[in-house]
Amino acid sequence: MKYWLVKSEPEVFSFEDLKGRKDQITFWDGVRNYQARNYLRDEMKKGDQVLFYHSNADPLAVMGICKVVKEGYPDHTQFDIDSYHYDIKADPKNPTWFMIDIKFVKEFKTPVTLQEIKSNPKLKKMQLVARGNRLSVLPVKKEEFDEIVKMGQQK
DNA sequence: GCCAACGTTGGC
DNA sequence: GCCAACGTTGGC
């Protein structure tokens, strides 16, 4: 099993939105970065645990945990001319972009803020806090995942 | 709203 | 294949 972190702008889709879904599942569409695409398509497996992070938000924080319930499959929005994520170069026979389905697992008692992550020596090496990182899907080490979950359970 | 960091595009 | 210009991300 692997561990991941996904970013979302809560204005667009928040952790509360995921929690509020009838089946608490959503497809993770709109990723248009090749490296993130490779993670979605090739490496994220059913049952993998995922931290849900709010970017461009207040607070900037990991809100809780979700998990992969469906592995990489073509992102239909690349072919939808009305979609913001439409990609004129995408070929239906050989899709460029992929998505996964994730399901709500648990909301943290307290969101783990970016500042707390930055000030925790155990999390210094997280890709999330690496310089210039802009990927919306990132691998997380088990130790880092466990540490953040621990922080999220504290009052 | 600013700007650093980075990815992508396109002219050559 | 290089690299300048441009667009996007995301923290501040």
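Just so it is clear: chains get the letters A, B, ... in the order the sequence lines come, proteins before strands, and each one is counted from 1. All values below come from the heavy atoms of this structure, side chains included, with hydrogens, waters and symmetry mates left out.
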Exercise. CG of A/Leu128 versus P of C/dG10: gap in Å, rounded?
Worked result: 10 Å
For this session: Consider the side chain of A/Lys89, meaning its heavy atoms from C-beta on, and name the nucleotide among C/dG7, C/dG11, B/dT9 that approaches it most closely.
Result: B/dT9
For this session: Would you list the pairs meeting side-chain hydrogen bond (donor to acceptor under 3.5 Å, both in side chains) in which at least one residue belongs to residues 131-143 of chain A, sequence neighbours left out?
Result: A/Lys142-A/Asp146
Seminar exercise, completed: When rounded to whole Å, the NZ to P distance for the pair A/Lys7 and C/dG11 reads 6 Å
Exercise. How close or far is atom P of C/dT8 from atom CD of A/Gln35, stated in whole angstroms?
Worked result: 20 Å
Problem set entry | Atom pair distance, as rounded to whole Å: CZ in A/Arg32 and P in B/dT8 | 13 Å
Problem set entry | Side chain of A/Lys118 (C-beta onward), nearest among C/dG10, C/dC12, B/dT9 | C/dC12
Below 3.5 Å is the cut-off: list the nitrogen or oxygen pairs between protein and nucleotides 1-6 of chain C, distance only.
none

Problem set entry | Spacing of A/Arg37 atom CZ relative to B/dT8 atom P, expressed in whole Å | 10 Å
For this session: List the steps and the verdict of side-chain hydrogen bond (donor to acceptor under 3.5 Å, both in side chains) for A/Asp101 and A/Trp28.
Result: CA-CA 6 Å; A/Asp101 288 357; A/Trp28 200 256; over 6 Å; no
Exercise. Out of curiosity, does A/Val140 fall in the hydrophobic cluster containing A/Met1 (side-chain heavy atoms, cut-off under 4.5 Å, transitive links)?
Worked result: yes
Problem set entry | Residue among A/Arg37, A/His85, A/Arg32 satisfying side-chain hydrogen bond (donor to acceptor under 3.5 Å, both in side chains) with A/Asp75 | A/Arg32
Problem set entry | A/Lys19 with A/Glu107: basic N within carboxylate O range, under 4.0 Å | yes
Exercise. How many Å lie between CD on A/Gln115 and C1' on C/dG11, as a whole number?
Worked result: 11 Å
For this session: Establish, with yes or no, whether the OP1 or OP2 oxygen of C/dT8 is under 4.0 angstrom from a side-chain nitrogen or oxygen of A/Tyr84.
Result: no
Seminar exercise, completed: Quick note, A/Asn56 side chain, CB onward, closest among B/dT8, C/dG11, C/dT8 is C/dG11
Exercise. Should A/Glu43 and A/Lys2 count as side-chain neighbours, where that means a heavy-atom distance under 4.5 Å?
Worked result: yes
Problem set entry | A/Leu114, nearest nucleotide to its side chain (from B/dT8, B/dG7, C/dG11) | C/dG11
